[in-house]
Amino acid sequence: MTEDLNWAVGGEAGDGIDSTGKIFAQALSRAGRHVFTSKDFASRIRGGYTAYKVRTSVDRVESVVDRLDILIALTERTVEENMDELHDDSIIIFDGERSMMSDFEAPGEMFGLDVPLKRLAEDAGGAIMRNIVALGAACEVSEFPIENLDESLEKRFGNKGESIVANNKEAARLGQEYVQEEYDLSTPYELETTDNDYVLLNGDEAIGMGAIAAGCRFYAGYPITPATDVMTYLKGRIERFGGNVVQAEDELSAINMALGAARAGARSMTATSGPGIDLMAETFGLIATSETPLVIADVMRSGPSTGMPTKQEQGDLNMALYGGHGEIPRFVLAPSSVSECFWKTVEAFNLAEQYQTPVYVLSDLAMAVTEQTFPPEVFDMDDVEIDRGKVVDEDSIEEWQDESGHFKPHAITDDGVSPRAFPGTEEGAHMSTGLEHDELGRRTESTDMRIEQVDKRNRKVETAREQEDLSPREFGNEDSDNLVVSWGSNEGALREAIDLLEEDDVDIRVLSVPYLFPRPDLTEEFERAEDVVVVECNATGQFADVLEHDTLQRVQRVNKYNGVRFKADELAGELKEALGIVDEAEVQA
Amino acid sequence: MSSDNVRFVDFKSDKQPTWCPGCGDFGTMNGMMKALAQTGNTPDDTFVVAGIGCSGKIGTYMHSYALHGVHGRALPVGTGVKMANPDLEVMVAGGDGDGYSIGAGHFVHAVRRNVDMTYVVMDNRIYGLTKGQFSPTSREDFETSTSPDGTHQQPINPLALAMAAGGSFIAQSFSSDAQRHAEIVQKAVEHDGFGFVNVFSPCVTFNDVDTYDYFRDSLVDVGDSDHDPTDYDAAKEKILDRETEYQGVLYQDESSTPYNELEGATENMADIEESPPEEAMDLVREFY
């Protein structure tokens, strides 16, 4: 990969790490470079270690790797935390005039670039801009034209006035000039610009944007890491399209508000993380029984309980597949990248209304906080189609009435899907309930009707298996005997691992499965392969269990559950081990 | 159905209620239907939400769009309905357990949010459907299957709770005083904001303390002339009065603006186009 550079800024929470990283990432994106960002952060507002990492290349980048080339270290701990990823050519930018860094010496062959960040920032108008000074210095050592920072700074500080913007630009220039004057540097890094046109966004923003595109008009939620960005994105934007966001008093309220709006005919959603899903479980059953279309995004984090709220995991799969008492037909979709967060959300709204079921979008923290570049055409709104399913109006409702003229919202149908009448529709008045009910929606304890209704609801799953294309995404070497199966955010790392494995003459065929329920039958794929490896970020291999159950075949498992997503190079190594391929270099060692 | 010729029986379903003979909920429900009819609503533009318990059955016995939800969560559902389609008349019904125990948090927040809907609580001061346990409004010395020596807990004063949460319409009625009850619920429906009515709705099977006779003898009507419901201090005094229980509109802030209006939720959100509007691409451009 050409000019693949890994950059990070780290310090204490409250040091402005996020905005510094974001300004740089945006500058790179605007300069036509691909960007893939990640964050290390703790569950606290001030203090503690936090970092924002940016991987950038002219080529597409889809994962993080175990390498850090340029590090802006505002604290010594930042260096310690990243020691494993630093290498002999790494450059560490620090402020030796700052008491906590005054004794700092770059380890090994690394280059310590001592820049008086605070002093120069004060020269430009205020100590607060020391991170911007560091960005200027970083531009110099990576030969990235500093003009590209300017637009980013304008975007960030534009609403604070022209002088603030000017001061920040000056701060960046002072950082750059200091390095030019004080150091005679020749570094291996050169960040070229291109004419490419990219947008930069994270998974939560993509879910929110997908929701609006799909016609979602109502959102209710309760703040929780890492799902909150969905709500903050929608608030202030969804209104432009006639929608509304309610910050509810808790998750129970949030999902019930979303349910109410959906019953009123709005495309409606909520988003939360695992602990919130637990609280919503009771209403989840009501949604399914009352056959209400609803989209629920679960942006997973490390569990159980409060677990590690700022770390990643794919631990909620079993909950999404089986959560709730009784038996509940549902859809479980797993986007595998930031752009997929957009498209799977769009699809979720269509499936929810076509089948009148709850639909889970299983995202995770890694995608939620990852900002990734895309050509804007990837989000072409002309490709968004809205299908509201079997909605009846005044003219068509007659077809769905019983002898006494009552509308049948739970009519027994061959495909399991009943008609829907939005409130306000003449002659459509009816009740919905979580109690078992007859075709009119009225409570019943009739044993026959119970079976008819359960079968009807479950028939939706069969219908979906027939009507929807649930196939997995396939890449790698299609003739390979080594089959790797994965879901969700691991896909990017897998795509890059393929290239790394190829260098070692190892080929793999990858199936990334976005439909977790209903899901494709992989029995034949498994039979064709010599080895099957299931890759996922949880300890017990929840998806591997499900696939073994589906196919009656044993699989190898590669699991990661330390709170950090797979890195491409790490995953390549793990796959080799799982496939029983011994690294010659290791044997010699 | 046009709103001109709607009668209260149009809001009745053909299901026979399974409430105990003599249950206060019959009267409570009739008053709700009457209030809806008299305010010109039709079953097709009305949405009734209920939770669990005897009160939760109301959606079955009324004819309108309705949702019978889970225990204690009726108010959030009503909020969602109203936000999504402000043209609908939203009426939420609940019991004292549903509204003040499991749903107490939602109650306080629905009150302070002031969404334009009506909340009727059928307060019988007992858990009926689970066969006679004390409820949050049961008296401290009330003996039930789960409080053989009394509850040893202060009852909740729902009106005070509503007032503390900034309620814009706080009323109380008695299901057996049919005309007055219907009139009070009607005022709640007409109120521009969250209309809250606590209705004494006696349980003839499990509560031998808070009976029809008790309310008939002790309830004091604030009347329409003696009490000025817009006078906050006067309302506060009556609501916090430990000696007397009142019926009537205790407090009304006619100048409050409903949350749904403040938030600009004024259109029916069910109406969406078949594809995203042109401006949707602006959402993408923001990420440059």
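Lettering follows sequence order; numbering is per chain, from 1.
Residues A:L252 and B:H106 are in side-chain contact: their nearest non-hydrogen atoms beyond the backbone lie under 4.5 Å apart. Using a 4.5 Å heavy-atom cutoff, the side chains of B:H68 and A:M431 are in contact. Looking at heavy atoms from C-beta onward, B:I272 lies in side-chain contact with A:R267 at the 4.5 angstrom threshold.
Of the possible polar contacts, one joining the B:D44 side chain to the A:E427 backbone as a donor-acceptor pair under 3.5 Å is found. Put simply, the side chain of A:R217 never gets that close to the backbone of B:D271: no donor and acceptor are under 3.5 Å apart.
Per-residue heavy-atom pair counts under 4.5 Å with chain B were compared for A:G215, A:A213, A:S29, A:S253, and the maximum is reached by A:S253. Most heavy-atom pairs under 4.5 Å with chain B: of the set A:N244, A:T433, A:V246, this distinction falls to A:N244. When the candidates A:A261, A:G285, A:P423 are compared by the number of heavy-atom contacts under 4.5 Å with chain B, A:P423 comes out ahead. Comparing B:S13, B:G80, B:G72, B:G264 by heavy-atom pairs within less than 4.5 Å of chain A, the highest count is held by B:G80. The greatest number of non-hydrogen atom pairs below 4.5 Å with chain A, out of B:G56, B:A265, B:S64, is found for B:S64. Put simply, of A:V199, A:D380, A:D197, A:T283, the one with the most heavy-atom pairs under 4.5 Å next to chain B is A:V199. Ranked by heavy-atom pairs under 4.5 Å with chain B, the list A:E371, A:R240, A:E239 is led by A:R240. Of the listed residues B:Y65, B:F47, B:Y259, the one with more heavy-atom pairs under 4.5 angstrom with chain A than any other is B:Y65. Note on A:R30, A:R263, A:R237: by heavy-atom pairs under 4.5 Å with chain B, the leading option is A:R237.
No part of A:D382 comes within reach of chain B, as not one of its non-hydrogen atoms sits under 4.5 angstrom from that chain. In this structure, the portion of A:Y233 lying under 4.5 Å from any heavy atom of chain B is its side chain and not its backbone. At a 4.5 Å heavy-atom cutoff, the contact between A:L201 and chain B is made by backbone and side-chain atoms alike. In this structure, chain A has no heavy atom under 4.5 Å from any part of B:E267. Proximity to chain B (any heavy atom under 4.5 Å) is restricted, for A:I212, to the side chain, taken from C-beta onward. Interface residue A:F241: only side-chain heavy atoms are found under 4.5 Å from chain B. For A:A214, the part sitting under 4.5 Å from any heavy atom of chain B is the backbone (N, CA, C, O) and nothing else. Heavy-atom distances place the backbone of A:V245, and not its side chain, under 4.5 Å from chain B. Interface remark: A:E385 contributes backbone atoms only to the contact with chain B (heavy atom separation under 4.5 Å).
Between B:R113 and A:Q247, the shortest heavy-atom contact is NH2-O, 3.6 Å. What you find for B:P76 and A:E249 is that their closest heavy atoms are CG-OE2, 4.5 Å. Considering all non-hydrogen atoms of both residues, B:N268 and A:A264 come closest at OD1-O, 4.5 Å. The two atoms that bring A:G242 and B:M269 nearest to each other are O-CG, 3.7 Å, heavy atoms only.
Using a cutoff of 4.0 Å between basic side-chain nitrogens and carboxylate oxygens, A:R442 and B:D14 are scored as salt-bridged.
Distance CD/A:E426 to CG/B:D45: 8.5 Å, rounded to 0.5 Å. From A:I255, atom CD1 reaches atom CZ of B:R73 across 11.5 Å, with rounding to the nearest 0.5 Å.
Residues of residues 273-288 of chain B lying under 4.5 angstrom from chain A, judged on non-hydrogen atoms, are B:E273, B:E274, B:S275, B:P276, B:P277, B:E279, B:A280, B:M281, B:L283, B:V284, B:E286, B:F287, B:Y288 by number.
Applying the side-chain hydrogen bond (donor to acceptor under 3.5 Å, both in side chains) rule to A:N196 yields the partners A:T194, A:Y198; only residues at least two apart in sequence or on another chain are considered.
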Chi angles and distances behind the side-chain contact (heavy atoms from CB on, under 4.5 Å) call for A:N256, B:V70: CA-CA 9 Å; A:N256 279 283; B:V70 296; 4.2 Å; yes
